[in-house]
Amino acid sequence: MVMELPRFASDVDDDTLTEALRETGAAVVERVLEDDLIERCAAEMRPEFDTYGRRTESDFNGYTTLRISSALRYAPSTQHVIAHPLALRMADAFLLPHCLDYRIGSNTGIEILPGETDQVLHADDDIYPVRIPGMQLQINVMWSLCDFTEENGATRVVLGSHQPLDYDSHEAWPDPVHGVMPRGSALFYLGNVQHGGGANRSNAPRMGLINTYSLGWLRQEVNQYIAVPPDIARQYDKRIRRLLGYAMHGSGLGHCRYGDDVWVGSCHGHAS
Ligand SMILES: O=C(O)CCC(=O)C(=O)O
C-alpha cells in the first residue's frame with residue numbers, strides 16, 4: 001500500500017490527527033505557530049547555536065549541522081512551543097494511556113547548514129532497549145522555524161515504520177518522504193518511526209526545534225535537572241516544571257525532599 005504523509009490545517013480536530021498518526025506514524029499540521037513566536041525562539045536560540053552548535057558534531061549528528069540541546073535553558077520563548085496545546089493533546093492521546101504523567105525527553109534546536117548530507121535513518125526510542133506491543137514510549141514534534149523543503153533538508157520519515165514488518169512476506173519499508181512544510185508547522189511522528197534529517201542542497205540554513213515527550217516512568221533522554229537546573233526552572237510555570245521532571249510520577253517514583261518552590265510534587269495528565 002502506498003502511503004502519503006497526512007497533512008492538515010491548524011484547526012484539525014484531535015481525533016482526525018490521532019487517527020492519521022496511528023495509521024501512518026507521522027503527520028504534518030501546517031502553520032500552527034505565530035510569526036512573532038517563531039522569531040523570538042529563533043533569536044533566543046541564535047547565540048547558543050553560534051557558540052555551542054558544533055559541540056555535538058558526530059557521524060550521527062553530522063558535521064555541517066548546528067545542534068543545541070535543552071532549549072528551555074537559554075530560550076524561554078520555546079516554552080510556548082514545548083507546551084503548545086496541540087502537542088500536549090497528542091502526547092495525552094498516545095502517552096497517558098500508559099503513564100500518569102509524561103515528560104520532555106529532549107528539546108533541541110537543529111540548524112542544518114548548506115552542504116549537509118542525509119542523516120542516517122533511526123527511531124528515537126531506540127534509546128530504550130524494549131518494545132511493548134501497543135505502547136508508544138514517546139511522541140515527537142519537529143517544528144519548522146523556516147520553510148522546510150526537499151532542497152533544504154526537511155526531515156525524512158518512513159511512513160508505516162511504526163508497525164512491525166512481516167518478514168515472511170518479505171515486506172520492506174518504503175523509501176522515506178520529506179516532511180515538507182511551511183514555517184511554523186509541526187511534523188508529528190511516533191517514537192518508533194524511522195526518520196532522519198535531510199541533506200541541505202540549498203544555500204540557506206534549515207532551522208527547526210524538535211521536542212520529544214516520553215512516558216513519565218522512563219528515564220528522560222536528556223538529564224533535564226542538570227540541563228535546566230532549579231535556578232532556571234523556577235522561572236517557568238508548573239506545567240513546564242512538570243514537563244521538565246520537577247514532579248513525581250504517581251506517589252512512588254521520583255520523590256525527594258526538595259521542598260522548594262521549584263518542586264511540583266504529584267500530578268496527573270497534561271493538556272486538561
Ligand atoms: O533535523 C531533523 O530533521 C531530524 C533530526 C533527527 O531526527 C535526530 O537528530 O534525531
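These numbers come from the heavy atoms of this one structure, side chains and all, not from hydrogens, waters or symmetry mates. Atoms within each ligand, like the ligands themselves, are counted from 1 in listed order.
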Look at the side-chain heavy atoms of Ile, Leu, Val, Met, Phe, Trp and Tyr, link any pair under 4.5 Å apart, and say whether Y225 and V222 land in one connected group.
-> no
Identified side chain to side chain contact (heavy atoms under 4.5 Å, CB included) counterpart of M135 within the set N192, L215, V130 | L215
Any protein N or O within less than 3.5 Å of an N or O in ligand 1? List each pair with its distance, or say none.
from: ligand 1; atom 1: 1 (O); to: R206; atom 2: NH1; distance (Å): 3.4
from: ligand 1; atom 1: 1 (O); to: R206; atom 2: NH2; distance (Å): 3.0
from: ligand 1; atom 1: 3 (O); to: T155; atom 2: OG1; distance (Å): 2.6
from: ligand 1; atom 1: 3 (O); to: R206; atom 2: NH1; distance (Å): 2.7
from: ligand 1; atom 1: 7 (O); to: Q119; atom 2: OE1; distance (Å): 3.4
from: ligand 1; atom 1: 7 (O); to: H122; atom 2: NE2; distance (Å): 3.4
from: ligand 1; atom 1: 7 (O); to: H195; atom 2: NE2; distance (Å): 2.9
from: ligand 1; atom 1: 9 (O); to: R67; atom 2: NH1; distance (Å): 3.0
from: ligand 1; atom 1: 9 (O); to: R67; atom 2: NH2; distance (Å): 2.8
from: ligand 1; atom 1: 9 (O); to: Q119; atom 2: NE2; distance (Å): 3.1
from: ligand 1; atom 1: 10 (O); to: H122; atom 2: NE2; distance (Å): 2.8
from: ligand 1; atom 1: 10 (O); to: D124; atom 2: OD1; distance (Å): 3.4

With sequence neighbours left out, write down each residue that passes side chain to side chain contact (heavy atoms under 4.5 Å, CB included) with P182, or none if nothing qualifies.
-> E30, R31, D147, S185
Does a side chain donor of either R67 or T56 reach within less than 3.5 Å of an acceptor in the other side chain?
-> no
Pairing residues for H84 by the ring-ring contact (aromatic ring centres under 6.0 Å, His included) criterion, not counting sequence neighbours = W143
Could I get the full list of ring-ring contact (aromatic ring centres under 6.0 Å, His included) partners for Y52, not counting sequence neighbours?
-> none
